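I have placed the structure first, in the form of structure tokens, so that the comments after it can refer back to it.
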Number of protein chains: 2
Amino acid sequence: MDFYQMAGKMAVGSRLRKLSDTLTENAAKVYDVYQVDLEPRWFPVFYTLAKTEGLGVMEIAQSIGQSHASVSQIIQKMKKKGLITEVKDQTDGRKSVVELSARGKEVSEKLEHQMIDVKSASEELLAEMQYDMWKSIEEMEFLLEQRSLFDRVMAKRKEREVQKVKIIDYTDQYQKDFKQLNVEWIEAYFKVEKTDLLYLDDPKSYIIDKGGHIFFAEYGGKIVGTCALAKMDDETFELAKMGVSPKAQGKSIGWLLGLACIDKAKALGAKRIFLESNTRLVPAINLYHKLGFQKVTGPPSPYERANIQMELVL
Amino acid sequence: MDFYQMAGKMAVGSRLRKLSDTLTENAAKVYDVYQVDLEPRWFPVFYTLAKTEGLGVMEIAQSIGQSHASVSQIIQKMKKKGLITEVKDQTDGRKSVVELSARGKEVSEKLEHQMIDVKSASEELLAEMQYDMWKSIEEMEFLLEQRSLFDRVMAKRKEREVQKVKIIDYTDQYQKDFKQLNVEWIEAYFKVEKTDLLYLDDPKSYIIDKGGHIFFAEYGGKIVGTCALAKMDDETFELAKMGVSPKAQGKSIGWLLGLACIDKAKALGAKRIFLESNTRLVPAINLYHKLGFQKVTGPPSPYERANIQMELVL
DNA sequence: TTTAATTACGTAAGCACTTACGTAAATATA
DNA sequence: TATATTTACGTAAGTGCTTACGTAATTAAA
């Protein structure tokens, strides 16, 4: 069992399984001793029927957390042993009502002693523990319900990926990336307009030299996102030309670029950031919202596709 | 999942299994996302090989706590996928040495990211917990190693059975039980002697009326054990004629009868209890020992079968 | 009222493990 | 040195669950 030590906490699941396997094995031995004519794995079904008479296959399956197919198979075997009887439901022709037979009830009585002993042994074991296993289970079930392990792993993955993203400033060598990343999304949803080409072909003159900035997101040695901050007046910048490669999604690149723009604008003493977009770009609008932008009504846009304007007061 | 609530702590095992199943399911989803070409259940084998190059099937099996057959099957499938290479051991012709292929090592690198994320997610989850699941697991493993659940259940069973045993005093109606219980074991090992019959046929005159006592153990409405305390002199009693029905073994009936005798002797102001037995009766001798009796050499016995004498100083 | 969707259930097939068994090689024992 | 036992491994068969599919009955929707 070296593996469990090496893998450490990564293998909580496997380790829990091992533990439950040990307990299951022990339970099987217990059945032997008490000479109850019942397969250990039938117990959940049997117990459920002992507590509530007359249940359908589906109801039992739900109660014990297994598939109806499995219950159906178990029921067949228990019927062969004469432990239960099965009758068709009178009001619902699909349903078959299952309950303990006379023999089943006899077994149930025998089983009761065993249950008492198993229960008190389990309770004693749990009570002996310094670290409350029972509450641990409950807590873990709760925590996983709140946020599954899968979601947690994904969050960690994103965290790790984000750390690999570098936000860098404009230099002429990135002009092609600037154009390509923007053309990509514009063509996917709209048409490239003349005003677009002006900015995309010569960002140096139209953005940088006018007191604006352009940021790029680098990931794995490649430029995977960009965003421009164009100066409108001494107190206002426009956030524009944000483009992120579809291949690099899920790494919060838009978020990081947005933050970089906001930081820069603040550093330059701006009072607000303005932007124009289109409501069809739902993820983008959501991102702007998360960044703090609010819907406003500004001057008419030079872009055909713009149908929403937003502003962030710094 | 009503069953788990109803069954309560009795079903720790099942509940642990459910929890580990949830985690396993989540793990499977994680593999999907990271696009590592590896079945989740191969992970233990793969991981072990990644950590230690060149292992035999048995070694892997032991390390991951599964059967060699299972490992053998997994290895075959991994070989088909080109993840591992298998070579015959040079010094040991039975052994086949398995290690990761070049492709396997590539996958291993890919897997590393996934492992990092799973590990930190698991660790975060565990750290979030108020009731330390990790330590709980360790503690439970330890406790079960010390004393298995099976043993604990058996102990509880005995405890429960013992409580059903009543120790009662002699009345004439029990004379037949007294004789029958003793004849049973004497005939099984030795022969009934004349001296036996004297006491067994008329315990009233030979034991009770001479200041002695006889106790009976009642279980389930039946007399299942007996033991006599015969007065030798003002300071000495003899413990004799202890017989327990084989059907009622494992209920500590001998122990309870012995205790009753000792208590009575003490109450009557005796200074010691003496007994004679035979070393062939190993469980009996052990019981006397547990009760505090020590081997002594006393006067010669009227019984042929007696080859050991013991005494308890009160 | 006809049609579609849902529900309850059984059966088949698959999966991932197990135990059981067989073979070959290595090691211990006489 | 011959023989018995142990060890390493593969293969077959079994087990207990699952998913997938089919059927019949019920309920909802058009």
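Please read all numbers here as calculations on a predicted model, not as lab measurements.
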Taking atom types as modelled and ignoring hydrogens, do the side chains of Glu161(A) and Tyr219(A) form a donor-acceptor contact shorter than 3.5 angstrom?
->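 Present: a donor and an acceptor within the cut-off.
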Pick base, sugar-phosphate or nothing for [X], based on heavy-atom distances below 4.0 Å to the nucleic acid.
{"X": "Thr24(B)", "result": "nothing"}
{"X": "Glu59(A)", "result": "nothing"}
{"X": "Glu25(B)", "result": "nothing"}

Could you tell me whether the phosphate oxygens of dG10(C), OP1 or OP2, come under 4.0 Å of any side-chain nitrogen or oxygen in Ser72(A)?
->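 Checking dG10(C) against Ser72(A), a side-chain N or O does come within under 4.0 Å of OP1 or OP2.
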Should we say atom NZ of Lys164(B) is surrounded by more than 12 heavy atoms from elsewhere, each under 6.0 Å from it?
->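 Yes, NZ of Lys164(B) has more than 12 neighbouring heavy atoms, counting only those of other groups under 6.0 Å.
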Heavy-atom count around Tyr34(A) OH within 6.0 Å, excluding the residue itself: above 12?
-> yes
Between residues 92-99 of chain A and DNA chain D, which residues have a heavy-atom gap below 4.0 Å?
->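 Hits under 4.0 Å, by residue number: Asp92(A), Gly93(A), Arg94(A).
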Spacing between [X] atom [atom1] and [N] atom [atom2], to the nearest angstrom:
{"X": "Leu55(B)", "N": "dC9(D)", "atom1": "CG", "atom2": "C1'", "answer": "15 Å"}
{"X": "Ile75(A)", "N": "dG16(D)", "atom1": "CD1", "atom2": "P", "answer": "16 Å"}
{"X": "Gln76(A)", "N": "dG16(D)", "atom1": "CD", "atom2": "P", "answer": "14 Å"}
{"X": "Arg17(B)", "N": "dT18(D)", "atom1": "CZ", "atom2": "C1'", "answer": "14 Å"}

Sidechain-backbone polar pair: Ser120(A) side chain, Asp117(A) backbone, donor-acceptor under 3.5 Å |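 At least one qualifying donor-acceptor pair exists.
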Taking Glu59(B) for its side chain and Gly56(B) for its backbone only, find out whether a donor-acceptor pair lies under 3.5 Å.
->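 Checked: pair present.
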Assign a letter to each nucleotide of nucleotides 12-20 of chain C from its 5' end: B, base within under 4.0 Å of a protein heavy atom; S, sugar-phosphate only; -, no contact.
-> B---SBBB-
Taking only Lys NZ, Arg NE, NH1 and NH2, and the carboxylate oxygens of Asp or Glu, determine whether Lys110(A) and Asp37(A) approach each other closer than 4.0 Å.
->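 Here Lys110(A) does not pair with Asp37(A) in a salt bridge, since their nearest N and O are not under 4.0 Å apart.
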Note, Arg152(A) side chain near Leu125(B) side chain (heavy atom, < 4.5 Å) = yes
For the residue pair Phe3(B) and Tyr47(A), is the inter-centroid distance of their aromatic rings smaller than 6.0 Å?
->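 Under 6.0 Å, so yes.
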